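Since the structure comes first, as structure tokens, the remarks are kept for the end.
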Amino acid sequence: ALGHRFATSSDTESIVHAYEEWGEDAFARLRGMFGIALWDQPRRTLLLARDRAGQKPLHYAERGGRLYFASEIKSLLAAGAVEPTLDLAALDHYLAFLYTPRDGSILEGVKKLPPGHFLRWRDGRSEVVRYWQIASEETFTGTEDEAVEQLRTVLRDAVSSHMMSDVPLGAFLSGGVDSSAVVGMMAQASSRPVQTFSIGFDDPAFDELEHARTVATHFGTDHHEFVVKPDGLSILGDLIAHFDEPFADSSAIPTWYVSEIA
């Protein structure tokens, strides 16, 4: 509507046009998860941006007047941007809170771009700018029923917008409230059975396959399940290689297995 002409069918081209139209204010207009690097040649400025919730990782390091950036720390190591030296302050933070600082990392010299921020790099100098922050004031004045309906509307909109994709889609299904709600809304928005993936365990105390199966049957999904005997030691090396940093969430192990079958 603003007169922009698209040269490709790529959804990412919209980012370029948004930047042309609104400049740095474009980041606050984007929905969903993203990690962006945008080079503005006329202004000789590099912009790095990360989504509001920080779902997409974005690491960077400054060394010798250069800026290095990547989605994974191992890329910065491969580029020779930093030495693999432990950051003791980050280690202290990890042992206290079970994760490394939001703007730091386990390695000295490697930083994370915080969620809801962008970084402006020009003439060898960087500046980190916040473009979004979740509102802390309560503004809702409706009834509980109205709140329920608004929440349902927001969730339905979020799920349907995520289903616009040029690659196959599926869902991890545990049978709990969260994943069941997502699968149900996917089923409503899709003309074909939703692909769902679940894992179970030999120990009945941890096995949730029965609940997942009930949800899958109710919504008529194309359901896949696999019973595993978790062996954290055997996959530890791969987990470490992928996470790059210490990660204290034990759900990483079942998530690995359900990702593998998907």
Side-chain angles (χ1 to χ4, degrees), residues 1-62 65-73 75-76 79 81 102-103 111-137 139-140 149-171 182 185-192 194-195:
L2 294 171
H4 290 260
R5 298 176 64 88
F6 279 66
T8 75
S9 59
S10 169
D11 54 357
T12 53
E13 187 184 344
S14 60
I15 298 169
V16 180
H17 294 285
Y19 179 72
E20 287 179 337
E21 189 68 34
W22 298 297
E24 293 173 351
D25 292 337
F27 301 129
R29 291 172 172 263
L30 299 178
R31 298 178 63 188
M33 54 182 177
F34 57 82
I36 294 170
L38 192 151
W39 172 246
D40 186 333
Q41 176 64 28
R43 294 180 176 83
R44 294 195 57 76
T45 299
L46 178 72
L47 296 168
L48 304 179
R50 191 176 178 197
D51 63 77
R52 292 168 176 78
Q55 288 175 269
K56 289 292 186 182
L58 211 170
H59 301 87
Y60 68 97
E62 299 178 59
R66 292 184 176 185
L67 177 70
Y68 300 81
F69 60 92
S71 58
E72 299 182 64
I73 292 178
S75 300
L76 301 177
R102 71 167 193 160
D103 56 353
K111 299 179 181 179
K112 299 188 192 81
L113 185 61
H117 286 66
F118 69 85
L119 181 148
R120 184 191 304 118
W121 171 269
R122 182 187 296 138
D123 298 328
R125 292 187 298 273
S126 64
E127 180 183 6
V128 176
V129 181
R130 185 176 67 201
Y131 70 83
W132 181 83
Q133 179 175 329
I134 191 168
S136 58
E137 301 81 18
T139 58
F140 183 75
E149 186 52 40
Q150 285 192 26
L151 177 59
R152 183 179 287 112
T153 299
V154 169
L155 286 173
R156 187 182 296 120
D157 183 44
V159 171
S160 62
S161 67
H162 276 75
M163 291 182 69
M164 290 188 291
S165 175
D166 54 4
V167 295
L169 289 171
V182 170
M185 291 177 180
M186 288 179 71
Q188 290 178 352
S190 177
S191 58
R192 294 180 294 179
V194 176
Q195 296 237 33

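None of the values given here were measured: they were computed from a predicted structure.
Counting heavy atoms from C-beta on, the side chains of D40 and P42 come closer than 4.5 Å. You'll find the side chain of H117 reaches within 4.5 Å of the side chain of R102, heavy atoms only. Counting heavy atoms from C-beta outward, K111 and L119 have side chains that stay 4.5 Å or more apart. You'll find the side chain of Y131 stays beyond 4.5 Å of the side chain of L30, heavy atoms only. Annotation: side chain of S14 is in contact with side chain of F6 (closest heavy-atom distance under 4.5 Å). Using a 4.5 Å heavy-atom threshold, the side chains of Q195 and P168 count as separate. Residues Q55 and F34 fail the side-chain proximity criterion, which asks for heavy atoms closer than 4.5 Å. For the pair E127 and R125, the minimum side-chain heavy-atom distance is 4.5 Å or more.
Checking H17 against E13 by side-chain atom types alone, a donor-acceptor pair falls below 3.5 Å.
Atoms OG1 and CD1, on T12 and I36 in that order, are 9.5 Å from each other to the nearest 0.5 Å. Atom CZ of R66 is separated from atom CH2 of W121 by 10.5 Å, given to the nearest 0.5 angstrom. Going from atom NE2 of H4 over to atom CD of E21 covers 3.5 Å, rounded to the nearest 0.5 Å. Distance check, rounded to the nearest 0.5 Å: CG of L169 to CE of M186 gives 5.5 Å. How far CG of L113 is from CG of D51: 10.0 Å, rounded to the nearest 0.5 Å. The distance from the OH atom of Y60 to the CG atom of D103 is 7.5 Å, given to the nearest 0.5 Å.
Between A189 and S160, the shortest heavy-atom contact is CB-CB, 4.5 Å. Of all heavy-atom pairs spanning R156 and Q188, the tightest one is NE-OE1, 3.9 Å. When all heavy atoms are compared, the tightest approach of L47 to E24 is CD2-OE2, 3.7 Å. Across P115 and G54, no two heavy atoms sit closer than the pair CB-N, 3.5 Å. The two residues K112 and R50 come nearest to each other via the heavy atoms CB-NH1, 4.4 Å. Contact detail for A26 and A18: the closest heavy-atom pair is CB-O, 3.6 Å.
Distance alone, capped at 3.5 Å, places no donor-acceptor pair between the S190 side chain and the A187 backbone. The main-chain N or O of R43 is found under 3.5 Å from a side-chain atom of T45 such that the two form a donor-acceptor pair.
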* To do: With side chain to side chain contact (heavy atoms under 4.5 Å, CB included) as the test, would you mind laying out the steps for Y68 and E62 before giving the verdict?
  => CA-CA 6 Å; Y68 300 81; E62 299 178 59; over 6 Å; no
